[in-house]
Amino acid sequence: MHIRGDHVELVVGGRLDVRSAADARTVLHSAVDDGVGDLVLDLSELDSWDATGLGVIMGAHRRAGRCGRRLVLRDVPPQMQRLLVATRLHRILAIEGGIGVDTLPRV
């Protein structure tokens, strides 16, 4: 897993899972705490995430809200869009451009 960027936009790549959760949490919390306005997470380079990784995203979302900020997901890969829909988190998280539930391929 790698995260690069600043307190305005971060690019998340690789796997966001139990092995990378602690490092990701630290980076995301620092970005939230050190900035103002929306924090954009570009997920275009993300290969996969598990429940722990999704929990890190939700924790950052909650922390951003407490700081008066908004966490915005950008370029969410299709397989991760399906998970957000299945868990109904697409209704809670800000997703740039939204998720076209009807256009998601079925598996």
Next on the checklist: I'd like to know if D50 and R15 make a salt bridge, using a cut-off of under 4.0 Å between side-chain N and carboxylate O.
Outcome noted: no
Item to check | Any residue meeting side chain to side chain donor-acceptor pair (under 3.5 Å) with E45, in chain and number order, not counting sequence neighbours | outcome: H2, R4
Next on the checklist: I want to check something: taking the side chain as every heavy atom from C-beta on, are R74 and L41 in contact at a cut-off of under 4.5 Å?
Outcome noted: no
Checklist entry - To the nearest 0.5 Å, what is the distance between OG1 (T87) and CZ (R82)? => result 13.0 Å
Next on the checklist: Are the side chains of V76 and L84 in contact, using a 4.5 Å heavy-atom criterion?
Outcome noted: yes
Item to check | Hydrophobic cluster partners of V11 (side-chain heavy atoms under 4.5 Å) | outcome: none
Item to check | Non-hydrogen side-chain atoms of V56 and W49 separated by less than 4.5 Å | outcome: no
Checklist entry - Between L93 and V72, is any pair of side-chain heavy atoms under 4.5 Å apart? => result no
Checklist entry - Looking only at heavy atoms, what is the nearest atom pair of H90 and V85, with distance? => result ND1-CA, 3.4 Å
Checklist outcome for this item: Scanning both residues in full, the closest heavy-atom pair of V32 with A64 reads CG1-CA, 3.6 Å
Checklist outcome for this item: Sequence neighbours excluded, the answer for salt bridge (charged side-chain N to carboxylate O under 4.0 Å, His left out) partners of D47 is none
Checklist entry - Are V27 and V40 grouped together when hydrophobic residues (ILVMFWY) are joined by side-chain heavy atoms under 4.5 angstrom apart? => result no
Checklist entry - Do H29 and R63 touch side chain to side chain, with heavy atoms closer than 4.5 Å? => result yes
Next on the checklist: Do E9 and D42 have side chains that approach each other closer than 4.5 Å (heavy atoms only, starting at C-beta)?
Outcome noted: yes
Next on the checklist: Nearest 0.5 Å, please: how far is CG in L89 from CD in Q81?
Outcome noted: 13.5 Å
Checklist entry - Nearest 0.5 Å, what's the CG-CE distance between L71 and M58? => result 9.0 Å
Next on the checklist: What I'd like to find out is whether the side chain of L39 reaches to under 4.5 Å of the side chain of L10, using heavy atoms alone.
Outcome noted: yes
Checklist entry - Can you hop from V12 to V8 via hydrophobic side chains spaced under 4.5 Å? => result no
Checklist entry - Could you give the distance from CG (L43) to CD (E96), rounded to the nearest 0.5 Å? => result 10.5 Å
Next on the checklist: For A24 versus L16, what's the shortest heavy-atom pair and its separation?
Outcome noted: CB-CD1, 3.5 Å
Checklist entry - Given side chains that start at C-beta, do those of L73 and I57 come closer than 4.5 Å, heavy atoms only? => result yes
